[in-house]
There are 2 protein chains.
Amino acid sequence: MKPSVVTIEPNGHFCSDCGVRGSAVCSSLEPAELREFEHLGRRVHFSSGETVFSEEDITTSFYNVLDGVMRLYKLLPDGRRQIVGFALPGDFLGMNLSGRHNFSADAIGAVTVCQFAKAPFGRFIEDRPQLLRRINELAIRELSQARDHMVLLGRRSADEKVAAFLLGWRERQLAHKGPSDTVPLPMSRQDIADYLGLTIETVSRTFTKLERHGAIEIIHGGISLLDPARVEALAAA
Amino acid sequence: MKPSVVTIEPNGHFCSDCGVRGSAVCSSLEPAELREFEHLGRRVHFSSGETVFSEEDITTSFYNVLDGVMRLYKLLPDGRRQIVGFALPGDFLGMNLSGRHNFSADAIGAVTVCQFAKAPFGRFIEDRPQLLRRINELAIRELSQARDHMVLLGRRSADEKVAAFLLGWRERQLAHKGPSDTVPLPMSRQDIADYLGLTIETVSRTFTKLERHGAIEIIHGGISLLDPARVEALAAA
DNA sequence: AAACGCGATTGACCCAGATCAATTTTGGCC
DNA sequence: GGCCAAAATTGATCTGGGTCAATCGCGTTT
């Protein structure tokens, strides 16, 4: 939201010991290519609430999330907001056809990204089809997630939305940390509401209701799934 | 919905005079490649209401829509349906990571597709990065549309949804037929409702309301935009 | 430790859109 | 044309979730 004051890592870094080496776009590259790739990206830090890029901005860079969580959202002229997704480490951002980002991205808590200037990155891809294939895979995965989310937004009740959100978020955490019934929620209630197409009051009331029924416990910075089976039944997959 | 009885074109065809030659995946191929490509696809016809593929099906083919309109949708176990998009000529269907289609596709009216068996198509792509790049472009375009649709589903009122739908549909027609204030609507009111996350009654009432206000006229098989500016104001882009 | 600020929760009430229930219109089909 | 079934429209009523308005909890500042 506030003007972005970024911190650029002064010293070099090595892709080979990058935390997302195995899951991000770069997982498609050979060690030799990786060394060349290393020179294209620079690590950039954003602190909580900073905007990494805005919807209407002309795309000058692509981003590979290394650490932290970002909210990806679109605004209507009157200020209504829809969060179209959350980006986690390994996610690749910035692909578009129009030449402009078609959503905005803010850091939720501290975030580190690997930033690539558009032109050199485009040239690098040019003769590396396996990198293109990897980007394509990520796009197809996101498309599938987007369609699932359309079902949630268009056809699910508030209870189902919240339950599905908790399970979905746990599922995504699973890849990074291990499996757990404790779901950390770094985003605000307002973020959750804007992701689920609800109001903050409804999200809050639904959490409280789930807690009263013994399905979850609201803990500091997250939710504990006391009765995962109950929550799964509510999400009605 | 009913069991699919497809009609396969018995005689050969030529990509070079295909209606979607310029806009589909194949637009990325050279004339020489096109001749080879020709042998991979076969034209298949579906009649109104037939299912081209289902959500849970294992993907054995990719499809290039040549003619007609398809509804792409997901069902919840209890029968609630969300239409995640409509496919028009030039659209490419079947890409996924899971090995299964993650939505179903029905013909709305008569449909012709160019069907490719998965394996040979995959092999053909292998050493043709420009085809892969084209597929990637189409995926990115769809992703952008999907995000726009999430905003509509999550944050817009019924009036806004219907108005935005009419304008969006006119926009898509524009590419195929010329510009026009007459918007043909081949899909049913139920389809529109399931696309917009509304009920059929609300869609019908909203059309009637727009007509009473002089913004549109409900005509046979579609809508005429009497006052496009009014409809645009309602859609509140 | 009092005062502040901000996110989260809770309560009271309201309304857009869903649901339920008839019609009416349309489109084959003999 | 007349008959039937499906789609669309319209009306009456209901309700899930929104809106408005306190209040609470808690970390931060002074």
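Below, chain A is the first sequence line, B the second, and so on; all start at residue 1. None of the values given here were measured: they were computed from a predicted structure.
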Not counting sequence neighbours, list each pair that qualifies as a side-chain hydrogen bond (donor to acceptor under 3.5 Å, both in side chains) and has a residue in residues 83-93 of chain B.
->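 Of all non-adjacent pairs touching residues 83-93 of chain B, those that pass side-chain hydrogen bond (donor to acceptor under 3.5 Å, both in side chains) are B/D91-B/R172.
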
Pairs in or reaching into residues 217-237 of chain B: which pass side-chain hydrogen bond (donor to acceptor under 3.5 Å, both in side chains), with residues at least two apart or in two chains?
->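 For residues 217-237 of chain B, and leaving out neighbouring residues, the side-chain hydrogen bond (donor to acceptor under 3.5 Å, both in side chains) pairs sorted by first residue read B/R170-B/E232.
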
Partner residues of [X] under the side chain to side chain donor-acceptor pair (under 3.5 Å) criterion, sequence neighbours left out:
X      : answer
B/S204 : none
B/Q190 : B/D194
B/D57  : none

Sequence neighbours excluded, which residues qualify as side-chain contact (heavy atoms from CB on, under 4.5 Å) partners of B/D17?
->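 side-chain contact (heavy atoms from CB on, under 4.5 Å) list for B/D17, sorted by chain: B/F14.
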
Return the orientation label for the A/F62 and A/F92 ring planes: parallel under 30°, perpendicular over 60°, tilted otherwise.
-> tilted

Should the pair A/F165 and A/F86 be assigned to parallel (<30°), tilted (30 to 60°) or perpendicular (>60°) ring geometry?
->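 Geometry flag for A/F86 against A/F165: tilted rings.
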
Which residues, if any, of residues 147-158 of chain B bring a heavy atom under 4.0 Å of DNA chain C?
-> B/S157, B/A158

Every protein N/O lying under 3.5 Å from an N/O of nucleotides 24-27 of chain C:
from   : atom 1 : to     : atom 2 : distance (Å)
C/dG27 : OP1    : B/H220 : ND1    : 3.1
C/dG27 : OP1    : B/H220 : NE2    : 2.9

In residues 189-210 of chain A, which residues come under 4.0 Å of DNA chain D by heavy atom?
-> A/G197, A/L198, A/T199, A/E201, A/T202, A/R205

Under the ring pair (Phe, Tyr, Trp, His ring centres under 6.0 Å) test, which residues partner B/F116, sequence neighbours left out?
-> B/F37, B/F121

With sequence neighbours left out, write down each residue that passes ring pair (Phe, Tyr, Trp, His ring centres under 6.0 Å) with A/F207, or none if nothing qualifies.
->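 If we apply the ring pair (Phe, Tyr, Trp, His ring centres under 6.0 Å) test to A/F207, skipping adjacent residues, there are no hits.
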
Nearest-Å distance for atom pair CZ/C1', residues B/R212 and D/dT9 =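 About 11 Å, once rounded to whole Å.
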
Which atom pair, heavy atoms only, marks the closest approach of A/G197 to B/R155?
-> C-NH1, 3.4 Å

Would you please say whether a donor-acceptor pair under 3.5 Å links the side chains of A/Y73 and A/D191?
->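 No pair is found: no donor N or O on one side chain lies under 3.5 Å from an acceptor on the other.
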
Overall bend - the helix from C/dA1-D/dT30 to C/dC30-D/dG1, comparing terminal axes fitted on five pairs, nearest 10 degrees | 40°

